[in-house]
Protein chains: 2
Amino acid sequence: MPPRATPHAEPDAVLVSQDVLTRLKGDILDGAFAPGARLRFAELQRLYGAGIGTLREALSHLLPEGLVELDANRGFRVAVISAEDLRDVSALHVEFEQRSIVESVRSGDDAWEAGLVLAFHRLAKIERLSRDERKARSSEWLVAHRDFHRALVAACPSRWLLRLRAQLYDHMERYRLVSQRHRQLGPSKRAEHEAIKDAALARKAELAGDLLAAHLRETTETVLRHAPQFMPAATERGRARQPRSPTA
Amino acid sequence: MPPRATPHAEPDAVLVSQDVLTRLKGDILDGAFAPGARLRFAELQRLYGAGIGTLREALSHLLPEGLVELDANRGFRVAVISAEDLRDVSALHVEFEQRSIVESVRSGDDAWEAGLVLAFHRLAKIERLSRDERKARSSEWLVAHRDFHRALVAACPSRWLLRLRAQLYDHMERYRLVSQRHRQLGPSKRAEHEAIKDAALARKAELAGDLLAAHLRETTETVLRHAPQFMPAATERGRARQPRSPTA
DNA sequence: CAAGCAAGCATCTTCGAAAATCTGCGCGTG
DNA sequence: CACGCGCAGATTTTCGAAGATGCTTGCTTG
């Protein structure tokens, strides 16, 4: 599938580079750019309508996050994925989510509760829909899901824990989305989300942490179970050149 | 102190942007650019001899690492520091170092042992010197110290644990170096380093972890004890404009 | 025919000019 | 005198041309 770039989503992005960064990151996370694919400036320029310098800036931003890789004079590539990396990321991610939510529940105030209720409401509204409809509005679901999980841990007092959690969340999201391209949309996790939310609001920190951890582990298991389908298992180094796309 | 940029240190850096990145990061870590200071392109251009685009690329790289901050149309600033942030970073850093070294000791092979012995030797050679001499060769010590700590954990099988550890190490190093500008150079930690190395080579994973954690906690305590001296405690937002430097 | 070499092409990397934006100052006005 | 307005200078942001590098193809040679 030739990548089709996300349209401008946030007209409020003050900087072009920030807007490009957001869209590019989203397109890498949801697999519009396949893992390992080269990111050529000519194509990116066409897709995002930004200058080369601006694109380089956005890609440089993604470099330390581990979403793209750079080798000298050969340009940027989307970071590769592997079952091993997935297990590594997932183990740390589960742990960070758990620790974040425990601390968040313990120190959350009224504003946190309100934010959580709102985020859950938005997510539940989409998750109540039929599978087909959920699929059609998957990008909405993605944002709502992300916001819900962020709302759960938002009151965690450790900025660094949240920061690292966010990094790992991104990578897990990429694995989920890339794998989803090769299989059916799974069943809704509405009940699980609700249980976590209720535990959090009831201030049962440990319970919320355990539920969240189980929820995440299950997701990882699902992805791993389908891993061979979306990880072509060690194709030869460097990947075959992509067939020339249909052009404009 | 007007910042004086690090001279080209790695002639083997293939990309100008990578070279600039290395030097700029080093200069931020050791406080040549004070926390909160604005990073003006005119000045950076003069200091590093690189074009604006290249500088932007390097700064974009430092953005997700949390070493610089960006607000739209107002440019980049060195990330601010605070005792609260230091405690946050330190707690996670200690934990990550401990976990990394435990796993590293458990799965380290011959090559790891050799690397550790070598790194310790290099570090010890500098730490045996007198205080004055250590001060004179502080940049050498910095590299040796960094390499030693990296060698300790190098065999940890989790790439992500190592990656996050490295991020936190950088931030802790900045706190150490910025605080050191305002006080005497502390006593050598040679004995502690040796004890950690010996425990690691003796495959006493838990012991090595505990020693390392204690070593790091002590360092943080020292820095925190001197915090008021290098953290001017909430100067008014935006800081006074720096006096015009002597110019070229 | 295999290996080595060179030209041509594709692509990346660097750079600073031009446009956009912000900040500070001086002036006029209520 | 306080306040708002608008201009001038300072700074950031964007962009693509020009140079540098790597890859491929086709030719030459042993």
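For the numbers below, each heavy atom of this structure counts, side chains included, while hydrogens, waters and symmetry mates do not. In what follows, chains carry the letters A, B, and so on, assigned in the order in which the sequence lines appear, proteins first and then strands, with residues in each chain numbered from 1.
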Selection from [options] that lies nearest to any side-chain heavy atom of [X]:
{"X": "A/F41", "options": "C/dT14, D/dT14, C/dT13", "result": "C/dT13"}
{"X": "A/L15", "options": "D/dT11, C/dT14, D/dT14", "result": "D/dT14"}
{"X": "B/A50", "options": "D/dT14, C/dC15, D/dC15", "result": "C/dC15"}
{"X": "A/T54", "options": "D/dC15, C/dT13, C/dC12", "result": "D/dC15"}
{"X": "A/I52", "options": "C/dT14, D/dT13, D/dC23", "result": "C/dT14"}
{"X": "A/N73", "options": "C/dC15, C/dA17, D/dG22", "result": "D/dG22"}
{"X": "A/R40", "options": "D/dT12, C/dT14, C/dC12", "result": "C/dC12"}

Do the two ring centres, one from B/H171 and one from A/W160, sit under 6.0 Å apart?
->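 Yes - the distance between ring centres of B/H171 and A/W160 falls below the 6.0 Å cut-off.
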What I want to find out is whether [X] reaches [Y] closely enough, with some N-O distance under 4.0 Å, to be called a salt bridge.
{"X": "A/R23", "Y": "A/D27", "value": "no"}
{"X": "B/D71", "Y": "B/R74", "value": "no"}
{"X": "B/E43", "Y": "B/R38", "value": "no"}
{"X": "B/R146", "Y": "B/D170", "value": "yes"}
{"X": "A/R99", "Y": "A/E103", "value": "no"}

Grab the [atom1]-[atom2] distance between [X] and [N] for me, whole Å please.
{"X": "A/E57", "N": "C/dT13", "atom1": "CD", "atom2": "P", "answer": "16 Å"}
{"X": "A/L70", "N": "C/dT11", "atom1": "CG", "atom2": "C1'", "answer": "13 Å"}
{"X": "A/Q45", "N": "D/dT14", "atom1": "CD", "atom2": "C1'", "answer": "12 Å"}
{"X": "A/L44", "N": "D/dC15", "atom1": "CG", "atom2": "C1'", "answer": "15 Å"}
{"X": "A/L63", "N": "C/dT13", "atom1": "CG", "atom2": "P", "answer": "11 Å"}
{"X": "A/L21", "N": "D/dT13", "atom1": "CG", "atom2": "P", "answer": "14 Å"}
{"X": "A/Y48", "N": "D/dG16", "atom1": "OH", "atom2": "C1'", "answer": "20 Å"}
{"X": "A/D71", "N": "D/dG22", "atom1": "CG", "atom2": "P", "answer": "11 Å"}

Would you mind classifying the nucleic acid contact of [X] as base, sugar-phosphate or nothing, using non-hydrogen atoms under 4.0 angstrom?
{"X": "A/L59", "value": "nothing"}
{"X": "B/L55", "value": "nothing"}
{"X": "A/G53", "value": "base"}

Upstream residue (5' side of DNA chain D) when A/G49 and B/G75 are each assigned their closest nucleotide |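 Residue closer to the 5' terminus by nearest nucleotide: B/G75.
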Would you say [X] reaches [N]'s phosphate, i.e. side-chain N/O to OP1/OP2 under 4.0 Å?
{"X": "A/R56", "N": "C/dT13", "result": "yes"}
{"X": "A/R74", "N": "D/dC23", "result": "yes"}
{"X": "B/S17", "N": "C/dT14", "result": "yes"}

